[in-house]
Amino acid sequence: MEIINAFGLQCPKPLMLAKQRVDAGVAEFGIQVDNETAVKNVSRMAERTGRPVEVTEIEGGWLIAFGAGASAGGAEEGTVSNDAESAVPAAAPAAGPACAPGVGCGYAVFVGKDHVGEGEGELGYNLMKMALYTLSECGDAPASLLFMNSGVKLVAGGEEQVVESVQKLIDQGTEVLVCGTCLDFYGLKEQLQVGEVSNMYDILERMREAAKTITL
């Protein structure tokens, strides 16, 4: 079994390296990572593509083994490769609900800041709260709700109304992804209250898969 050395790489690079093998039809392989964010992101990708994985703690991090019956036991016997410079994502396979060719699935909402529009800060923040509440009550929930840059403060800042609105969307089937790099930048990862810590690759994939993307 091939073992990919992704130590020292931040997401989305480990995810992209694993996805290259999945897209190439490699039956069994493992990827070594040294951060929990990569474990979550790579494991979630495997779930979306229907691949079984086994995560095992190893010295310095984790081994994520892909393939039916794959285990960490083959780590020492496998061939270790370091593809840090060749991390180029391949085209993603269709995932989720059935989509019309060339049209996409549902719609995505991208939240790249913690306010709507420009002008008075408090007004913009209140408008954002109202927008998320309206989305949760409109009866047509987005397929994806994507938070990036200062937008992550909305789901990691303790604002009860925002958390309730986003949770209601999750209950309606919306996938909520929150930029992990952004949470780290603002020192908010431990304060995330709703949604999944994600990465640039997954967030852009949800936009690509959607029939349209609304930016707040």
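Throughout, numbering of the chain's residues begins at 1 and tracks the sequence.
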Does one hydrophobic cluster hold both Met128 and Val176, with members joined at side-chain heavy-atom distances below 4.5 Å? yes

Between Lys153 and Glu159, does at least one N-O distance fall below 4.0 Å, as a salt bridge requires? no

Short side-chain to backbone donor-acceptor contact, Asn149 and Gly151, under 3.5 Å: no

I'd like to know if the side chain of Thr37 pairs up with that of Lys189 as donor and acceptor (distance under 3.5 Å, no hydrogens or angles considered). yes

Validation row: Lys168, Glu137 side chains within 4.5 angstrom (heavy atoms): yes

Using a 4.5 Å cut-off on heavy atoms from C-beta on, say whether the side chain of Val109 contacts that of Ser144. no

Among Ile203, Val197, Val155, find the residue that satisfies the side chain to side chain contact (heavy atoms under 4.5 Å, CB included) test when tested with Val178. Val155

Would you compute the distance between atom OG1 of Thr215 and atom CG of Leu146 and round it to the nearest 0.5 angstrom? 9.5 Å

Hey, does the side chain of Glu196 reach the backbone of Ser198 with a donor-acceptor pair shorter than 3.5 angstrom? no

For Met200, look at atom CE and say whether over 12 heavy atoms of other residues, nucleotides or ligands are found less than 6.0 Å away. no

So which heavy atom on Thr213 is nearest to which on Phe110, and how close? CG2-CB, 4.1 Å

Which pair of heavy atoms, one from Ala18 and one from Val42, lies closest together, and at what distance? CB-CG1, 4.1 Å

Are the side chains of Ile4 and Arg21 in touch, meaning some heavy atoms are under 4.5 Å apart? yes

In terms of hydrophobic clusters joined by side-chain contacts under 4.5 Å, are Phe147 and Tyr201 together? no

If we ignore hydrogens and angles and just use 3.5 Å, is the side chain of Thr174 paired with the main-chain N or O of Ile170 as donor and acceptor? no

Taking a hydrophobic cluster as the set of Ile, Leu, Val, Met, Phe, Trp and Tyr residues connected by side-chain heavy atoms closer than 4.5 Å, whether directly or through intermediates, do Met148 and Val162 fall within one such cluster? no

Measuring from Ile31:CD1 to Leu63:CG, what's the distance to the nearest 0.5 Å? 9.5 Å

Which atom pair, heavy atoms only, marks the closest approach of Asn41 to Leu15? O-CD1, 3.5 Å

Arg44 side, atom CZ; Lys40 side, atom NZ - distance, nearest 0.5 Å: 9.0 Å

Out of curiosity, Gln161 CD to Asn126 CG, how far, rounded to the nearest 0.5 Å? 8.5 Å

Show, in sequence, the C-alpha distance, side-chain angles and deciding distance for Phe29 and Ile3, and conclude whether the side-chain contact (heavy atoms from CB on, under 4.5 Å) test is met. CA-CA 6 Å; Phe29 66 92; Ile3 304 298; over 6 Å; no

Note, Ser150 side chain near Tyr186 side chain (heavy atom, < 4.5 Å): yes

Decide whether Glu164 and Tyr133 meet the rule of one side-chain donor and one side-chain acceptor closer than 3.5 Å. no

Nearest atoms (heavy-atom pairs only) where Cys138 meets Tyr107: SG-OH, 4.5 Å

Nearest-0.5 Å distance that lies between atom CG in Leu135 and atom CG in Leu145: 7.0 Å

Smallest separation among heavy atoms of Leu17 and Ala6, with atom names: CD1-CB, 4.4 Å

Given Val26 and Val22, is the side-chain contact (heavy atoms from CB on, under 4.5 Å) satisfied, shown in steps? CA-CA 6 Å; Val26 178; Val22 170; over 6 Å; no

Does any non-hydrogen side-chain atom of Leu154 lie less than 4.5 Å from one of Val111? yes

Around atom CD of Gln172, are there more than 12 heavy atoms from other residues, nucleotides or ligands closer than 6.0 Å? yes

Can you tell me if Glu160 has over 12 outside heavy atoms packed within less than 6.0 Å of its CD? no

Ignoring hydrogens, what is the shortest heavy-atom contact between Ser43 and Ile64? Give both atom names and the distance. OG-CG2, 4.5 Å

Look only at the side chain of Arg51 and the backbone of Ala27, and say whether a donor-acceptor pair between them is shorter than 3.5 Å. yes

Check whether Asp34 reaches the backbone of Gly8 with its side chain - one donor and one acceptor, N or O, closer than 3.5 Å. yes

Quick one, Glu36 with Trp62, criterion side-chain contact (heavy atoms from CB on, under 4.5 Å). Give me CA distance, side-chain angles, the key distance, then yes/no. CA-CA 8 Å; Glu36 293 185 357; Trp62 295 266; 3.4 Å; yes

